[in-house]
Amino acid sequence: MDTAPNFILTPLAPLAPELLLICLGLLLVVVDLFLGEKRHILPWLAALGTLTGLFLLGNGSGHFSDGLFGGMYILDAYSLFFKVICLIGVLFTVMLSVRYLDTEKMHQGEYYSLLVFAAVGMMVMVSAADMIVLYLGLELMALSVYCLVGLLKSDSRSNEAALKYFLMGAFSSGILLYGISLIYGMTGTTDLQLISQRLTELNLADNTLLFIALGMVLIAFSFKVAAAPFHMWAPDAYEGAPTPITAFMSVGPKAASFAVLGRILLSGFPELHVHWGPLIAGIALLTMATGNILAISQTNIKRMLAYSSIAHAGFALLGILATSNEGVSAIMNYMLIYAFMNMGAFAIIIMLNNRERRGEQLKDYRGLAQTNPVAAALMLIFMFSLTGIPPTAGFIGKFYLFLAAMNAGYTGTVIAAVILSAVSAYYYLRVVRYMYMYDSEKGEAVAMSPSLTAALIFAVIGVIGLGVAPGWVLEMASQSLPALAQ
Amino acid sequence: MPIYLLLLPILPLGSFILTFLFGKRLGRKAHWLPICAVLSCFGCAVMALLDVINGVTINTDLYSWISSGSFQVSVGFLLDELTAVMLIVVTSISTLVHIYSVGYMHDEPGYYRFFSYLSLFTFSMLMLVLGNNFAQLFFGWEAVGLSSYLLIGFYYEKESAANAGKKAFIVNRFGDFGFSLGIILVFLTFGTLHYDQVFAQAASITDQTFPVFGMVFDLPTLIALLLFCGAIGKSAQLPLHVWLPDAMEGPTPVSALIHAATMVTAGVFLVARCNPLFALSTTALNVVTMVGAVTCLFAATIALVQVDIKRVVAYSTVSQLAYMFMACGVGAYSAGIFHLFTHAYFKALLFLGCGSVIHAMSSEQDVRKMGGLKKYLPVTYWTFLLATLSISGIPGLAGFFSKDAILAAAFSSPIGAGKIAWFVGTLVAGMTAFYSFRLFFLTFHGTFRGTEEQRHHLHESPATMTVPLILLAVGAVSAGWFCIPPILGGHAPWISFLAPVLGEPGEHLGHATEWGLIATSVGAGLVGIATATLLYVIRPEIPDRLRDAWPKVHSWLFNKYSIDELYDGALVQPAIRFSRKVLLHVVDGKLIEGVVNGIPQAIGSFGERLRKIQNGQVHTYLSVMSTGALAVLIWMLVR
């Protein structure tokens, strides 16, 4: 047997951020019952809790541990990095939600609570060193997000989206569990490190059944990051979900899933790269093509960003493809950058959301440069960044992903990625064209709210800052890696 | 790294962003933030200078923007003697121009836009001079080009202004093409873009060659000349000088700041900064000297007959920049930078003086309609006179010392073209004095030749404009005192200050020769002044008779040797015809549109078809997903 798990003696202090957020999630539900008309303090509570969580994460950054709960839960720089991205995503979502929930008259307590629980799920996922723990985190996140998608109770699109997402999510969870059980059956363990050991000990590196199992894990996570052909749920779920949740889904769960993918493939099955390399290249290509090409024909901007998010998942897969520290650090960098630029774009959408127009149609952006030049300029920056035009962060993100894949020898895939990236300019810059080249139909001013303003400032600083001074993030990302892929 | 170094680019950048976004609401108060920012920059520049004087030099990378193997693009600062001088020039002139613009641009719409562009320019120029590597130099180089474009075309509703902006931008493309090739070649040769590393290895490439299309070039010469291409464009030297006179369409403060004192001197800065590279190739130095000499003479002759007050000064700028290149070409980099320094003050003063005149004359720029403005514009008159005396090389004033330093260096230079440069320089010194005083007399002396209405409006400019004039006049007089040559009883601290970066000229002249050179150049200047006095004060009818006697010469000069027409006929029109006939109809119409429209159509219809799969039915989705899953598993089976 392995070292006997000794739960009782596990010190809980390193888990402070996770524990804090669990308490916060519970607290939000309970407090909501007693607040009545004072519900507007809930987002502030959630934001404060998340900030404290971020602070605790920063505080704990010196005390890494590679085995809590008998080695099932790892605290390392890698997981820390992704936890920060997730919490930044939550923070953004909370800031984006205040106005939106007011406009849509949505019930609030469980909204923030579910959001926080989803965050806890993601944190568990990225720290999991054991496939069972990983599955727990994944389900905690997924179940919370299913509910969040359907929270617009009076909107049939939202309900439909939640149901579809849930059905298909359950399907993918099933596949994941099947894969995990096969791996357990062959290696006798669910511990990632041990799996890697057993593979060599038991001479399983060429076992077909193992590949099938690995394929199943890959399918499940391809579903989570919305990689083609497992992306079908994404456009519907993204369009139907409350807009802040759409933003959240495209940032948080995606980052967490990439973190897991990186950890499994690099630390569990590094020797198998030759076999799954071409497969991932194929998925990446298909994903980039589907996302970028379908985004062109969208007129609903939320749906367009859903496809854009699929396309970006394809770009990020290039980093997995590279199977190198360079590639994974490029993904980490990219996920952070993507959080800022995508949240920024969604913040603008929510800003334009009011009673008469939902800010979701492309034509709502006509003449925005005249009616609200600052909003238009910000949207311009976010669109440039999503396209990948320097000096915005999007350029840096793509540059290092492409570079990593190039250095790993996937020149053809990178060329295709660059071409598809050029295709993406078409639909991103179309938004810019609507804002700057067309006259506004009705010159209505957009109402701002402090939290939305804060989110926009935060996002634009991130997009420009990470574009102009990207070095330190990459440095941090690559420093966190040696522990991962030995 | 001291904080002032960081503040130098950040302050104007912040001011640009804030003023550009929110300036409209401030209306006539939009100038406060840019002025405060640039004034603080001046303070920072002074602190930087003091630090450098105390022996501190800084060369540090702030961070690296992109690093991929050996290819590093970093943002870093280099503060040394040369940078310190440039910082002082840029920030002081920029501050005065900012203040001046408050008065000059007072009634213009787009007031905030103007000031935000000025801030953008200041930021770009500071990035250019502060950079410690070629990539940042290139960034600054293009960014000043952009701000120059925006400011030349500031009156974008006026077609000539919009065209002048485009012309400046396009002409600079030619130079920048060579410049960027030069930077690429530097990287290929040295494997780095950092100045210190490149210059440290510079000596190792002597005698190396580089093949281009089967021809073999001397590597140092090739690098130096490609870099020099950028300088030719930016500093408006022959044959790319044509954009600068047209750039006068921009507001006059812009002409003073960008097109006289700072941006156009970037070429000289480039050559001086890269002096270890230029030093490797005598050919390159000879080319630099000769381009300078030819341009110097060429621009001065054109300036003799122009009637637009700003164009005279513009050609004068081209000619004075050429002096700086002659200095660099003969290896006297510190003399070149010294002339850059003094020229910045007296030329900015001349331009701002012109601005004051134009302001008073209700936007009239033709000197033939001016005259007798002395009594209406006393402050402008006296400051303008000082600047004119300074540029004419009257002993004691700034222009005298710097021009003398260049001529002495040219005369003593071992470079083949040195003596030619000296001869041209002395000749042009006389011509400079002539056209400067011609302009001065035509504007301020004689009788008023404008309309009654213009006369009615004549007034001295407000204090926001005259105070900068007075401060610049102080510079135009005293800027030369930093480099009084030993022969005149000084110590020339300038030369020894810059020696660590630019080296010291090796040759020394005998006393008699040096006195002879001074006498010749001052004599030439005095002859020029005397001729101008004769022609435009004592016997004002002579110029007309001269023009009638040699109509060909006059029209040749007046039409600027028809270079613009030549370019138009030889390059622009054929290019336009080619674009219309071949590019537009064949390449664009058939080829590109076929591809560009065809592919999106194909993608679009493909997308439409794909979109049909996305029909909202869960069972469709699940079957697609299952197919995908099956494909993955089959792949895993067969691999």
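Numbers restart at 1 for each chain; the letters A, B, ... are given by sequence-line order, proteins then strands.
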Which bit of E160(A) is near chain B, if near means a heavy-atom gap under 4.5 Å: side chain, backbone, both or neither?
side chain
Going by an N to O cut-off under 4.0 Å, is there a salt bridge joining D236(A) and R303(A)?
yes
What I want to check is whether the side chains of Y111(B) and H31(B) have a donor and an acceptor closer together than 3.5 Å.
yes
Could you tell me which portion of L167(A) (side chain, backbone, both or neither) has an atom closer than 4.5 angstrom to a non-hydrogen atom of chain B?
side chain
Which word best sums up how the rings of F179(B) and W141(B) line up, parallel for under 30°, tilted for 30 to 60°, or perpendicular for over 60°?
tilted
Toward chain B, the part of F395(A) with a non-hydrogen atom under 4.5 Å:
side chain
Taking every non-hydrogen pair under 4.5 Å, which of S74(B), S626(B), G628(B) racks up the most with chain A?
G628(B)
How long is the straight-line distance from CZ of F230(A) back to CD1 of I310(A), given to the nearest 0.5 Å?
13.0 Å
Will you find, in the side chains of S119(B) and S15(B), an N or O donor that is under 3.5 Å from an N or O acceptor?
yes
Checking S222(A) against chain B: side chain, backbone, both or neither under 4.5 Å from a heavy atom?
neither
Contact class of L163(A) relative to chain B, heavy atoms under 4.5 angstrom
neither
Is it the side chain or the backbone of I212(A) that comes within 4.5 Å of chain B heavy atoms, both, or neither?
both
Among side-chain atoms of D196(B) and N132(B), is any donor-acceptor pair under 3.5 angstrom?
no
